[in-house]
2 protein chains.
Amino acid sequence: MESQPAYQRIAATYRTRIASGELRAGDQLPTEHTIADQFGVARQTVRTGLSLLVTEGLIVARRPHGYFVRQREYMIYRPQEKSRPRPVTPEMVDRFSQQIAAEGRVPSQRIEVSMVQAGPDLAERLRVEPGTTIVARRRVRFINGEPTNINDSHFPLELVKDSEIMSPAYIPRGTDQVLVDRGYGQDRAIDEILIRMPTPDEIHRLELGPGTPVAVHYDTGYTADGRPVRCTVNVLPGDRHRIVFERSWLS
Amino acid sequence: MESQPAYQRIAATYRTRIASGELRAGDQLPTEHTIADQFGVARQTVRTGLSLLVTEGLIVARRPHGYFVRQREYMIYRPQEKSRPRPVTPEMVDRFSQQIAAEGRVPSQRIEVSMVQAGPDLAERLRVEPGTTIVARRRVRFINGEPTNINDSHFPLELVKDSEIMSPAYIPRGTDQVLVDRGYGQDRAIDEILIRMPTPDEIHRLELGPGTPVAVHYDTGYTADGRPVRCTVNVLPGDRHRIVFERSWLS
DNA sequence: GAGTGGTCTAGACCACGTA
DNA sequence: ACGTGGTCTAGACCACTCG
């Protein structure tokens with residue numbers, strides 16, 4: 001009758017207690033030892049079961065306190081409102097900072113500019129040969145000091161050479177306006193979103209807990225004559241973002 | 001100097017071999033026993049390491065053959081092309097079937113209609129009280145016989161009572177046209193995408209392997225006077241979909 | 001010092017698909 | 001029958017934080 005392995009019964013028990021609201025965000029679970037006694041199994045079996053819930057993102061282990069039900073807080077991510085020419089006012093800040101500040105939270109970012117060789121994904125989107133040197137403007141964005149997403153913009157080298165884009169400082173008018181000034185204004189973009197588990201590098205940069213999937217948003221901008229001039233890779237931790245956009249049509 | 005646990009060294013070893021291309025999709029890894037010998041650790045330690053790669057979606061265990069590097073095949077998902085009024089031709093099929101057939105693959109679906117009580121997420125989007133009875137038209141869509149995504153459309157009961165929507169059969173002109181005929185044509189939609197690990201129910205319906213995150217796409221349609229008349233929940237396994245949409249603007 | 005989770009071992013038996 | 005991964009046990013020692 002016990003068709004299910006013990007570790008799955010343990011996982012299912014606490015999964016439903018969390019789903020039903022019997023256990024709420026922040027609540028503590030019994031210790032591994034206690035659960036092992038209750039179910040009459042070895043501690044390792046309890047660990048196997050709870051590790052399922054950890055990788056599902058339902059609970060976290062805080063040593064040496066115990067396991068706790070996880071909290072989630074989303075920020076709204078609107079790809080449609082990105083990359084438009086900004087009104088030219090001096091006090092302007094970028095969209096990300098604007099939105100966060102409006103919510104009463106403290107935005108900040110770390111910018112890093114480097115020359116890199118295009119991998120296959122970027123090469124295809126920027127229509128260059130794989131291995132071509134391109135410019136990467138990498139940003140990690142923080143809210144209240146916590147890393148929230150990665151925003152890496154990539155440009156063909158010849159388009160931005162000797163421009164402000166090459167310096168790792170904040171550009172008030174925005175990188176898109178710099179491209180406009182150099183004759184490469186964008187009027188179309190293609191968005192692609194992939195869902196996957198993060199790489200170790202992403203886990204490190206974003207301080208991700210185990211069991212957190214990410215959305216990778218490729219945003220490629222084109223000039224009026226169809227040339228790709230920018231490919232931005234956004235990495236959005238699934239536990240911190242909600243992607244929203246809108247459509248309307250004439251019937 | 002061995003700052004890293006053995007199981008993480010084992011995971012890192014095979015992770016980089018896969019990333020570098022030394023191991024390709026479909027290749028087999030050594031057996032747990034072999035790896036244990038090579039690293040001089042117990043088999044359980046190897047299992048802990050490989051389980052990391054399984055939950056990252058990099059490898060799968062195929063008993064009793066061994067571990068294999070995973071294959072991925074994406075289908076393109078275009079939220080922008082959904083839910084538009086269809087041209088009224090008899091041979092018309094829905095967008096999903098159209099696209100799949102065009103790729104030379106075999107689409108099919110299983111439809112199920114039921115009355116359900118709105119949970120908090122649907123209640124908010126359809127602007128009804130939580131617990132209100134609504135109509136759920138649930139579909140699992142298959143490609144070549146394999147479940148590929150979930151597409152559950154929800155309607156306020158009074159809008160679709162006694163309509164074809166209530167019958168679990170394919171509707172050639174589409175559910176949106178049925179709503180148009182009843183005076184509830186949509187002219188705007190809001191899309192929301194969440195990223196998370198799947199629920200056990202979703203794992204079962206979509207036959208998901210471990211380590212596969214999903215995107216949940218809420219697509220809510222509104223009439224011209226702003227009333228929500230449809231909320232569709234799409235569940236897209238991350239290992240099978242690429243979400244694509246386009247933007248253009250006038251500078 | 002006590003108690004938590006993190007790591008690890010050396011065994012054991014089972015379910016399953018292939019040969 | 002054999003070898004694979006799947007499950008499980010009963011121990012052990014560690015690093016860490018709290019009282």
Side-chain angles (χ1 to χ4, degrees), chain A residues 1-15 23 26-70 200 203-204 207-211, chain B residues 1-15 18 23 26-70 200 203-204 207-212:
Chain A
M1 228 29 214
E2 306 216 358
S3 48
Q4 234 185 357
Y7 79 98
Q8 285 189 17
R9 283 203 313 275
I10 294 169
T13 298
Y14 287 98
R15 194 186 286 115
L23 282 169
D27 286 357
Q28 184 169 6
L29 274 63
T31 67
E32 294 176 347
H33 184 75
T34 307
I35 297 176
D37 285 355
Q38 284 173 357
F39 283 81
V41 298
R43 181 175 155 232
Q44 189 57 240
T45 304
V46 175
R47 285 181 61 72
T48 307
L50 293 187
S51 78
L52 285 185
L53 303 186
V54 170
T55 64
E56 284 170 26
L58 290 177
I59 62 176
V60 289
R62 286 216 302 265
R63 194 177 43 166
H65 304 287
Y67 289 91
F68 294 83
V69 180
R70 193 154 149 185
I203 291 175
H204 175 249
E207 296 173 15
L208 296 177
Chain B
M1 225 35 216
E2 304 218 358
S3 48
Q4 234 184 357
Y7 78 99
Q8 286 189 16
R9 283 204 310 277
I10 293 169
T13 297
Y14 287 98
R15 193 186 287 116
I18 291 170
L23 283 170
D27 286 358
Q28 183 170 7
L29 273 63
T31 66
E32 293 176 347
H33 184 75
T34 307
I35 298 176
D37 285 355
Q38 284 173 358
F39 282 81
V41 298
R43 180 176 156 232
Q44 189 59 239
T45 305
V46 174
R47 283 182 62 72
T48 307
L50 293 187
S51 78
L52 285 185
L53 303 186
V54 170
T55 64
E56 284 170 26
L58 291 176
I59 62 175
V60 289
R62 287 217 302 265
R63 196 177 41 167
H65 305 286
Y67 290 92
F68 293 82
V69 180
R70 192 153 150 187
I203 291 175
H204 175 248
E207 296 173 16
L208 295 177
T212 305

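In the text below, chain A, chain B and the rest are named by the order of the sequence lines, each starting its count at 1.
Listed pair B:T48 / C:dT7 fails the phosphate criterion, with no side-chain N or O lying under 4.0 Å from OP1 or OP2. Between A:Y7 and D:dT9 there is no side-chain N or O to OP1 or OP2 distance below 4.0 Å. Taking only side-chain nitrogens and oxygens, B:T45 comes nearer than 4.0 Å to OP1 or OP2 of C:dT9.
There is a side-chain donor-acceptor pair under 3.5 Å between B:E32 and B:Y67. Under 3.5 Å, the side chains of B:T212 and B:R70 contain a donor-acceptor pair of N or O atoms. A donor atom on one side chain and an acceptor atom on the other are found under 3.5 Å apart for A:T34 and A:T31.
Residue A:L29 contributes atom CG, which lies 20 Å from atom P of C:dG3 at whole-angstrom precision. If you measure from atom CD of A:E32 to atom P of D:dG11, you get 17 Å, rounded to the nearest angstrom. Counting to the nearest Å, the C1' atom of D:dC16 and the CZ atom of A:R63 are 6 Å from each other. The CD atom of B:Q28 sits 14 Å away from the C1' atom of C:dG17 (whole-angstrom rounding). In this structure, the CD atom of A:Q44 is 15 Å from the C1' atom of C:dA12, given to the nearest Å.
Listed candidates were C:dG5, D:dT4, C:dA10. Nearest to the side chain of B:A42 is C:dA10. You'll find that the side chain of B:P64 is closest to C:dC16, out of C:dC16, D:dG5, C:dG5.
Comparing A:V41 and A:H65 along DNA chain D, the residue whose closest nucleotide (by nearest heavy atom) sits nearer the 5' end is A:V41.
Residue B:R47 is classed as a base contact, given a heavy-atom separation below 4.0 Å to a base.
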